[in-house]
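Reading through the structure tokens given below for one structure.
The residues of the chain are indexed from 1 along the displayed sequence.
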Amino acid sequence: MSEPAFIALRKTNAPGFLPGVFSRLIRARLITRYPHAGMVVGERLLHITAKEGMHSTNLHDPHNWDLFRVDVDPLLVLERFNGLIGCRYDWISLLAFVLPWRVSVSHWLYCYEWVFYALTGELPGRRITPEDLLTFSKGKDGNKQ
């Protein structure tokens with residue numbers, strides 16, 4: 001596959017009242033401009049949400065996202081994604097951002113954990129933030145697109 005993989009970081013709040021409130025809370029707590037993350041391969045956004053779990057959609061609104069090219073085989077990203085389709089959103093892990101220890105449901109993920117897994121093949125043993133993910137885009141071709 002010749003198309004590269006990208007980290008996709010949403011730079012706008014999610015549409016809708018409750019998702020929008022949740023986006024604002026994430027931004028405030030993490031002191032970040034990115035309330036959501038996913039991976040883009042081709043035209044597909046591979047991500048996990050509270051409403052739909054792990055799924056893919058077309059990247060309908062690219063102006064709402066910052067894309068960062070990563071040096072990871074897109075076929076490997078797709079393979080890791082396919083192994084997690086149907087995975088549920090991990091609300092419990094989000095407690096790690098307000099508690100001093102990590103709490104998690106081992107077979108659930110939140111969006112930043114999914115991207116970490118897509119990039120490394122490992123489940124994180126610590127809290128993951130958008131800024132942690134940006135460290136993976138700092139390679140030779142890892143510029144914002």
Side-chain angles (χ1 to χ4, degrees), residues 1-14 18-19 21-62 64-145:
M1 174 176 271
S2 62
E3 297 185 46
F6 295 88
I7 296 172
L9 297 175
R10 187 174 183 91
K11 56 186 178 180
T12 60
N13 292 325
L18 286 177
V21 168
F22 190 62
S23 290
R24 287 177 186 83
L25 288 172
I26 289 171
R27 285 173 178 244
R29 175 59 186 103
L30 299 184
I31 310 171
T32 185
R33 68 179 287 200
Y34 300 115
H36 185 61
M39 293 294 297
V40 171
V41 175
E43 298 292 319
R44 301 300 290 173
L45 172 63
L46 316 171
H47 62 139
I48 188 165
T49 62
K51 183 177 180 181
E52 299 179 64
M54 185 67 72
H55 67 287
S56 75
T57 59
N58 283 331
L59 187 61
H60 297 292
D61 52 358
N64 290 332
W65 299 83
D66 281 339
L67 300 179
F68 299 88
R69 186 176 177 161
V70 288
D71 188 22
V72 176
D73 183 351
L75 292 176
L76 191 54
V77 172
L78 290 170
E79 180 182 311
R80 290 171 178 160
F81 171 77
N82 288 331
L84 293 172
I85 290 177
C87 177
R88 294 180 57 188
Y89 190 84
D90 192 359
W91 290 98
I92 303 298
S93 280
L94 295 180
L95 291 174
F97 291 101
V98 294
L99 298 173
W101 60 86
R102 181 166 162 70
V103 181
S104 180
V105 175
S106 64
H107 54 281
W108 295 357
L109 298 170
Y110 61 89
C111 63
Y112 309 131
E113 288 177 321
W114 147 241
V115 173
F116 183 88
Y117 177 74
L119 296 170
T120 67
E122 300 175 8
L123 294 174
R126 61 181 178 84
R127 295 177 277 210
I128 299 296
T129 67
E131 289 69 27
D132 294 327
L133 299 175
L134 287 175
T135 63
F136 288 96
S137 69
K138 301 297 184 200
K140 59 181 176 165
D141 287 333
N143 299 320
K144 183 175 158 186
Q145 301 294 309

Notebook entry, point to check: For Val41 and Phe81, what are the C-alpha separation, side-chain angles and deciding distance, and is it a side chain to side chain contact (heavy atoms under 4.5 Å, CB included)?
Noted result: CA-CA 11 Å; Val41 175; Phe81 171 77; over 6 Å; no
When rounded to the nearest 0.5 angstrom, what distance separates [atom1] in [X] from [atom2] in [Y]?
X	Y	atom1	atom2	result
Leu84	Glu79	CG	CD	11.0 Å
Leu75	Arg80	CG	CZ	11.5 Å
Met54	Cys111	CE	SG	10.0 Å

- Task: Would you indicate whether the side-chain heavy atoms of Trp65 and Val40 approach each other to under 4.5 Å?
- Result: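 Counting from C-beta outward, Val40 and Trp65 never come under 4.5 Å.
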Can you name the closest pair of heavy atoms from [X] and [Y] and give their distance?
X	Y	result
Ile7	Leu133	CD1-O, 3.2 Å
Gly38	Leu45	CA-CD1, 4.2 Å
Arg69	Pro4	NE-CB, 3.6 Å
Pro74	Ala5	CG-N, 4.1 Å

The criterion is side-chain hydrogen bond (donor to acceptor under 3.5 Å, both in side chains); which residues satisfy it with [X], sequence neighbours excluded?
X	value
His36	His47
Glu43	none
Thr49	none
Arg44	Ser56, Asn58

Exercise. Start with the C-alpha distance between Val115 and Leu9, add both sets of side-chain angles, then the distance that settles side chain to side chain contact (heavy atoms under 4.5 Å, CB included), and finish with yes or no.
Key: CA-CA 10 Å; Val115 173; Leu9 297 175; over 6 Å; no
Under the side chain to side chain contact (heavy atoms under 4.5 Å, CB included) test, which residues partner [X], sequence neighbours left out?
X	answer
Thr120	Phe116, Glu122, Phe136
Asp132	Arg126, Ile128, Thr129
Ala118	Met39, Val77, Trp114

Partner residues of Arg10 under the salt bridge (charged side-chain N to carboxylate O under 4.0 Å, His left out) criterion, sequence neighbours left out =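 Testing Arg10 for salt bridge (charged side-chain N to carboxylate O under 4.0 Å, His left out), a comparison that skips the adjacent residues, returns Asp61.
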